[in-house]
K.L.:
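Pasting a structure here, questions to come.
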Amino acid sequence: MAAAGQGGKGAPARGVIVRARAADAVRGVLHNGQRLEEALDYSDLGRSDRALLRELATGTVRWAIRLRAVLDDLLERPLPRRETEVEALLLVGLYQLGHTGIPPYAAVSATVGALSKGKAWARRLVNGVLRRFGRERDQRLATADARSAAVAQAHPEWLVTALEAAYPDAWQGVLAANNTPPPLTLRVSGDRQAYLGELAEAGVEAEPHPLVDTAVTLGEFRAVASLPGFTEGRASVQDAAAQLAAPLMAPRPGDRVLDACTAPGGKLAHLLTLASELEVTALDADPGRMDRTRATLERTGVAPCSLVTGDAARPEAWWDGDPFDRILIDAPCSGTGVIRRHPDIKHLRRAEDLRPMRDRQQAMLEALWPLLRPGGKLLYVTCSVLPEENSERVAALQTAHPEAVAEPLPQDWGRPAGPGRQILPGEAGMDGFFYARLRKEAPA
């Protein structure tokens, strides 16, 4: 796939454009704090070039911490801070030479050619650095890796320290999983075996997930709109770990349900298929993200529900006073369980971000717990692997509310984590998710 942008008439020009856009996206993440998906520009590119652009940008962002260490060692003197374009192109070039099968001559030529007109002075520098790395690749990588586990595995030091403290037996596996591109997983509405047959007829390699009976894992990336039944809502992109949420809610016909952080609506759409006549309030604080929820519901064609824009930590602004039988809190979090899908998290998250996040999570739990009917159940979910966002938050709620009783969860996935269970990235091919389910005991 990576070399596709080099073949055919006119390919060198396209290859240069792809490298320039990859560098722009990398610079957007590393220097401007953009999310990678927002920084990528696919306009006017064909399918193979789009795939190459995504590979180069995502891979460079994934390995940027390690690649920067290599670059520091290769440069005779540091680049001026303002030369972010040159740095980004060097990183994209190093990624191609160190992590892909693109022929070195093509990688170097297209990367040098991607320098803008105002950076002609840097052509010799970029060419020399990349060619030297090509000759000394193994030695240069080994030198960088010897600095620390954080550099070798391309993670920020604060996160490596936190993972090692939380998972002394598994932290290295988490780092490795975060650096492994994830599979494309679908949630299937209806007969999964029949849908697998449809995929096979369409020439799409896929297999059923072993632990989640609605999940199908594809053997390779495909444009989702081309998949059988996708536009009709019979299949949705959703990691297998995320597909556990709706069944764990265990809604009963007629239940009054609150989905407190609903966007983009994947768990909501799943939930609405599990029981009849549910009275669902779907809440989100961001009007723009609520539009994505509407689009999800329209595509999947599930039962209607009430969409409300509001702050989950301030129910007095939107709650009608009628208690809920089920509450889902898919809490905003660090996203440290989905780094393999979103490697920009390595660069966009800081250790100092955790305190306001955990304060927000606790505020939501405290605000919504009183809205649960006695005998009702609250499911707390994050895509984090950090205990301070997960088990510690639920334990704090239990300390303040003795009537909050943790229910046992299935033991065929994840590991015990205080009152809940934690899935680590890569386990059974899943993203990192935390789940805890609390039942409100009726007053004695």
K.L.:
Any chance you could lay out the side-chain contact (heavy atoms from CB on, under 4.5 Å) test for H99 and R66, step after step, and finish with the verdict?
P.N.:
CA-CA 12 Å; H99 292 272; R66 187 190 196 211; 3.5 Å; yes

K.L.:
Testing the 3.5 Å rule here: is there a donor-acceptor pair between the side chains of E389 and T382?
P.N.:
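Per modelled atom types, E389 and T382 side chains form no pair under 3.5 Å.
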
K.L.:
Please lay out, stage by stage, how R326 and L258 fare under the test side-chain contact (heavy atoms from CB on, under 4.5 Å).
P.N.:
CA-CA 6 Å; R326 298 286 189 270; L258 172 65; over 6 Å; no

K.L.:
Hey, is D239 close enough to R341 for a salt bridge, meaning N to O under 4.0 Å?
P.N.:
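Between R341 and D239 there is a salt bridge, with a charged N closer than 4.0 Å to a carboxylate O.
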
K.L.:
Looking only at non-hydrogen atoms, find the nearest pair between T296 and P264 and report the distance.
P.N.:
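Between these two residues, the closest heavy atoms are OG1-O, 2.8 Å.
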
K.L.:
Whether E37 and R35 form a salt bridge (side-chain N of Lys/Arg under 4.0 Å from carboxylate O of Asp/Glu) is what I want to check.
P.N.:
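E37 and R35: not salt-bridged.
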
K.L.:
If you measure from the Lys or Arg side-chain nitrogens to the Asp or Glu carboxylate oxygens, is any gap between R360 and D311 under 4.0 Å?
P.N.:
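The answer is yes: the pair qualifies as a salt bridge.
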
K.L.:
Under 4.0 Å between a side-chain nitrogen and a carboxylate oxygen: does that hold for R27 and D24?
P.N.:
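Judged by the 4.0 Å cut-off on N to carboxylate O distance, R27 and D24 do form a salt bridge.
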
K.L.:
Return yes if some donor-acceptor pair links the side-chain N/O of R62 with the main-chain N/O of R340 below 3.5 Å, else return no.
P.N.:
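Yes; judged by distance alone, with no hydrogens or angles, the pair exists.
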
K.L.:
I'd like to know if R437 and E407 make a salt bridge, using a cut-off of under 4.0 Å between side-chain N and carboxylate O.
P.N.:
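Here R437 pairs with E407 in a salt bridge, since their nearest N and O are under 4.0 Å apart.
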
K.L.:
Show, in sequence, the C-alpha distance, side-chain angles and deciding distance for R350 and E352, and conclude whether the salt bridge (charged side-chain N to carboxylate O under 4.0 Å, His left out) test is met.
P.N.:
CA-CA 5 Å; R350 303 285 187 272; E352 54 267 28; 5.0 Å; no

K.L.:
Under 3.5 Å, side chain of T262 to main-chain N/O of D259, donor-acceptor pair present?
P.N.:
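No: the side chain of T262 does not pair with the backbone of D259.
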
K.L.:
Measure from NZ or CZ of R393 to the centre of the six-membered ring of F434 and say whether it is under 6.0 Å with the direction within 45° of the ring axis.
P.N.:
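That pair does not qualify as a cation-pi contact.
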
K.L.:
Would you call E198-R234 a salt bridge at under 4.0 Å N-O?
P.N.:
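Salt bridge: yes.
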
K.L.:
Is there a donor-acceptor contact under 3.5 Å linking the side chains of T111 and Q96?
P.N.:
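Distance-only check passes for T111 and Q96.
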
K.L.:
Assess the pair Y435 and W413: is the distance between their ring centroids shorter than 6.0 Å?
P.N.:
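Yes; W413 has its ring centre under 6.0 Å from that of Y435.
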
K.L.:
How far apart are the C-alpha atoms of V160 and W158, what are their side-chain angles, what is the distance that settles it, and do they pass the side-chain contact (heavy atoms from CB on, under 4.5 Å) test?
P.N.:
CA-CA 6 Å; V160 173; W158 72 266; over 6 Å; no

K.L.:
Can a donor-acceptor pair be found, under 3.5 Å and without considering hydrogens, that links the side chain of Q243 to the backbone of Q238?
P.N.:
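A pair under 3.5 Å: yes.
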
K.L.:
Check whether any side-chain heavy atom of D284 lies under 4.5 Å from a side-chain heavy atom of T293, and answer yes or no.
P.N.:
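No, their side chains stay 4.5 Å or more apart.
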
K.L.:
Looking at D169 and R415, does any basic side-chain N land under 4.0 Å from a carboxylate oxygen?
P.N.:
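R415 and D169: salt-bridged.
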
K.L.:
One pair to check against side-chain contact (heavy atoms from CB on, under 4.5 Å): V237 and L186. What are the steps and the verdict?
P.N.:
CA-CA 4 Å; V237 176; L186 305 177; 4.0 Å; yes

K.L.:
Grab the two heavy atoms, one from P419 and one from A436, that are nearest each other, plus how far apart they are.
P.N.:
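The answer is O-CB, 4.1 Å.
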
K.L.:
What are the two closest non-hydrogen atoms of Q361 and P332, and how far apart are they?
P.N.:
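Heavy atoms only, the tightest pair is NE2-O, 2.9 Å.
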
K.L.:
Restricting to non-hydrogen atoms, name the atom on Y167 and the atom on V385 that form the minimum distance, rounded to 0.1 Å.
P.N.:
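Taking Y167 first and V385 second, the nearest heavy atoms are OH-O, 2.6 Å.
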
K.L.:
Backbone N or O of A176 within a donor-acceptor pair of the N179 side chain at under 3.5 Å?
P.N.:
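Judged by distance alone, no pair lies under 3.5 Å.
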
K.L.:
Charged N to carboxylate O below 4.0 Å: is that the case for D49 and R21?
P.N.:
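The answer is no: the pair does not qualify as a salt bridge.
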
K.L.:
Return yes if some donor-acceptor pair links the side-chain N/O of Y195 with the main-chain N/O of P228 below 3.5 Å, else return no.
P.N.:
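Yes, Y195 side chain to P228 backbone: donor-acceptor pair under 3.5 Å.
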
K.L.:
Got a salt bridge between R256 and D325, using NZ or NE/NH1/NH2 to carboxylate O under 4.0 Å?
P.N.:
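Salt bridge between R256 and D325, a charged N being under 4.0 Å from a carboxylate O: no.
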
K.L.:
What closest approach, in Å, do L438 and L397 show between heavy atoms, and which atom pair accounts for it?
P.N.:
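Minimum heavy-atom separation between L438 and L397: CD1-CD2, 3.5 Å.
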
K.L.:
Taking C-beta and beyond as the side chain, do L278 and C305 meet within less than 4.5 Å on heavy atoms?
P.N.:
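Answer no - side chains too far apart.
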
